[in-house]
Amino acid sequence: MTDGRTSLLRRFRDLAGGAVILVAAWWLLALILANRVLPVPPVVFGRLFDLLPEPLLSHAGASLGRVLRAVGLATGFAVPFGILLGRNRLADSLFSPAAYLMYPVPKIALLPVVFLILGVGEAARVGIVALVLFFQMLFVVRDAVRAVPASYVRILSGMGGKPIHTVRFVVIPAVFPAILTGLRIGTGTALAVLFFAETFFTRYGLGFFIIDSWSKVAYTDMMAGIVSLSVLGILLFTVLDLLESVFVRR
Amino acid sequence: MLVFQTCAAGYDGVPVFRSVSFSVGEGHLYAIIGRSGCGKTTLLSCAAGLHALYAGTVSRAGEVVHEPHPRIGLVPQDPGLFPWYTVARNVGLGLEIAGLSRRSAGYRQRVEQALQSVGLLHCAARLPSKLSGGERQRVSLARTLARNPDVLLLDEPFSALDALTREALQDDLVQLLSVRRIAAVLVTHSIEEAVFLGSRIAIMTGRPATLHELDSEPAGKPGRWSRTDRAYAEQCRRVRELFAEADHD
Ligand SMILES: Nc1ncnc2c1ncn2[C@@H]1O[C@H](COP(=O)(O)OP(=O)(O)OP(=O)(O)O)[C@@H](O)[C@H]1O
Ligand SMILES: [Mg+2]
């Protein structure tokens with residue numbers, strides 16, 4: 001436990017250190033450019049506090065809600081499907097090649113299709129992000145299941161274990177870290193896709209706020225939005241990190 | 001009491017061993033020596049109810065073994081501890097499967113006792129990755145002991161241990177067999193180990209393999225030898241000669 005706590009402290013220290021360097025670099029760049037498109041940090045942070053809690057919190061809340069629903073949706077599909085591919089050779093040879101081809105396809109390009117199929121509402125915005133996360137997670141989960149040595153299953157059988165025990169004592173513990181890894185790898189892309197998806201047919205979300213401020217030539221607001229989106233990303237990343245350090249023991 | 005009667009088994013229809021017959025009573029240990037790949041692990045898998053026989057029967061206490069039995073414990077060749085659970089949880093896994101709650105006093109007591117008997121109680125809260133190879137093998141043994149078996153199938157359980165630890169564990173095993181009245185089958189590469197622990201010794205050789213029992217004298221209890229004895233050294237030498245003979249053809 002002491003191990004976990006010191007590494008947590010170290011993580012926060014690193015995070016704070018990184019933030020300081022980033023803000024310093026931004027400041028420097030703003031001074032060099034001396035352009036009102038890129039205001040210096042104090043101005044942006046001042047404006048950020050003006051925009052809080054409203055309207056920024058509503059926008060951030062909308063974005064966060066979409067991400068969380070997408071995470072739930074993607075996990076709900078990727079985990080059972082990944083387990084199936086990992087444990088059933090027929091299913092794997094049937095579906096994996098197609099899924100593999102889909103892997104490098106930029107899912108964001110499918111946004112118009114998704115809008116056409118799911119309509120221009122929330123379902124489409126959540127759906128496209130879930131699609132990105134699904135493919136990130138699918139293969140990580142499949143490989144994690146595949147990497148479980150057959151001897152583990154034998155050992156359980158030898159102790160009178162049934163398939164349900166294999167799921168409980170082997171598959172779930174093996175897959176859980178893979179879910180977190182898949183989500184972490186996917187966070188950046190998912191937020192990028194969300195940002196883009198939020199610029200259509202909605203008046204809520206940080207993506208909308210940033211583009212809207214941009215079109216209104218409100219560059220300080222725009223930067224405040226960008227900072228908020230970044231903070232959201234860092235937050236998600238940190239939560240995944242924390243979950244991993246608390247629940248995944250190696 | 002474990003009895004093999006004219007057993008044959010293999011993979012994909014090809015027998016790995018055939019006409020294997022022997023029996024081992026409580027407090028006794030049947031030692032099997034054989035070259036790598038001759039079918040020792042397969043034989044133990046059959047006794048554990050994990051592998052189907054082509055012919056013959058394995059029975060425990062008069063009942064034919066078809067599937068894993070709660071009183072038949074296998075210590076696999078590869079310790080196979082689950083890296084995501086602590087040592088204690090690994091040891092208690094069989095009890096959990098049997099339906100014992102991890103919070104029950106019985107569970108805790110049996111896990112502690114099993115860890116104690118391999119001298120690793122102080123490692124209970126550790127993860128397997130933080131153990132040495134030999135310690136892992138001992139935890140694997142404890143995991144099987146926790147289920148309180150009366151038949152113990154040992155697949156080279158001491159192979160990763162240094163000589164001193166191995167001897168200490170062999171002594172512990174001798175104690176366990178007699179105190180808990182366990183019937184054991186031990187697979188090993190070591191002639192010394194087979195002689196020291198075996199009530200009887202058999203060589204597994206040929207393709208498909210058969211068993212050749214080395215001693216026709218009445219079976220002695222494990223622990224009848226002292227390692228420093230002349231007689232023990234002499235017996236090891238004899239067995240080595242017989243092994244060379246039997247393994248030749
Ligand atoms: N799952 C399997 N499918 C097909 N053949 C197998 C399988 N498992 C083992 N074999 C073969 O059966 C034979 C006996 O294997 P087994 O594992 O019983 O040998 P062993 O005597 O335990 O060897 P070692 O001392 O190296 O552990 C070997 O030739 C091996 O290649
Ligand atoms: Mg073997």
Side-chain angles (χ1 to χ4, degrees), chain A residues 1-8 79 82-83 86-87 89 140-184 240-250, chain B residues 41-42 44-52 65-87 89-100 102 125-130 136 139-149 151-155:
Chain A
M1 237 7 344
T2 31
D3 266 15
R5 213 162 285 159
T6 36
S7 80
L8 260 182
V79 169
I83 291 176
R87 286 187 64 87
R89 209 171 288 169
V140 192
V141 169
R142 181 198 65 180
D143 293 345
V145 170
R146 229 186 242 168
V148 170
S151 62
Y152 288 5
V153 180
R154 256 175 64 88
I155 283 162
L156 285 183
S157 310
M159 297 194 291
K162 303 277 176 280
I164 179 74
H165 295 114
T166 304
V167 170
R168 168 151 173 232
F169 296 124
V170 178
V171 174
I172 290 175
V175 160
F176 185 68
I179 296 172
L180 293 181
T181 308
L183 284 176
R184 219 168 32 164
L240 290 170
D241 247 12
L242 285 182
L243 282 177
E244 192 159 16
S245 72
V246 172
F247 288 111
V248 180
R249 302 181 293 185
R250 293 206 168 86
Chain B
T41 297
T42 310
L44 291 188
S45 301
C46 293
L50 290 171
H51 194 86
V65 177
H66 288 296
E67 52 178 16
H69 187 280
R71 304 290 316 263
I72 300 181
L74 171 69
V75 182
Q77 192 163 6
D78 152 31
L81 302 178
F82 295 179
W84 37 79
Y85 291 143
T86 61
V87 163
R89 182 105 192 251
N90 266 289
V91 169
L93 217 51
L95 305 178
E96 260 187 88
I97 288 174
L100 247 72
R102 275 195 292 140
R126 277 199 230 168
L127 289 177
S129 58
K130 304 269 156 41
R136 270 177 229 159
V139 173
S140 171
L141 177 61
R143 174 170 63 186
T144 306
L145 289 177
R147 299 171 59 227
N148 193 22
V151 170
L152 195 53
L153 308 166
L154 301 152
D155 200 346

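Two residues are said to be in side-chain contact when any heavy atoms from C-beta on lie closer than 4.5 Å; Ile155(A) and Leu81(B) fail this criterion. Put simply, the side chain of Trp84(B) does not reach to within 4.5 Å of the side chain of Ile172(A), judged on heavy atoms.
What you find for Arg89(B) and Phe169(A) is that their closest heavy atoms are NH2-CE2, 3.9 Å. Nearest heavy atoms, Pro68(B) versus Gly158(A): CB-O, 3.7 Å. For the pair Ile97(B) and Met159(A), the tightest heavy-atom approach, listed with the atom from each and the gap, is CG2-O, 3.6 Å.
Interface remark: Ile164(A) contributes no atoms to any contact with chain B (heavy atom separation under 4.5 Å). For Ser157(A), the parts lying under 4.5 angstrom from a heavy atom of chain B are both the backbone and the side chain. Interface remark: Pro70(B) contributes no atoms to any contact with chain A (heavy atom separation under 4.5 Å). Proximity to chain B (any heavy atom under 4.5 Å) is shown, for Pro173(A), by both the backbone and the side chain.
Within a 6.0 Å sphere centred on CZ of Arg126(B), heavy atoms belonging to other residues, nucleotides or ligands number more than 12.
Of the inter-residue distances, the one linking Tyr152(A) atom OH with Asp78(B) atom CG reads 7.5 Å to the nearest 0.5 angstrom.
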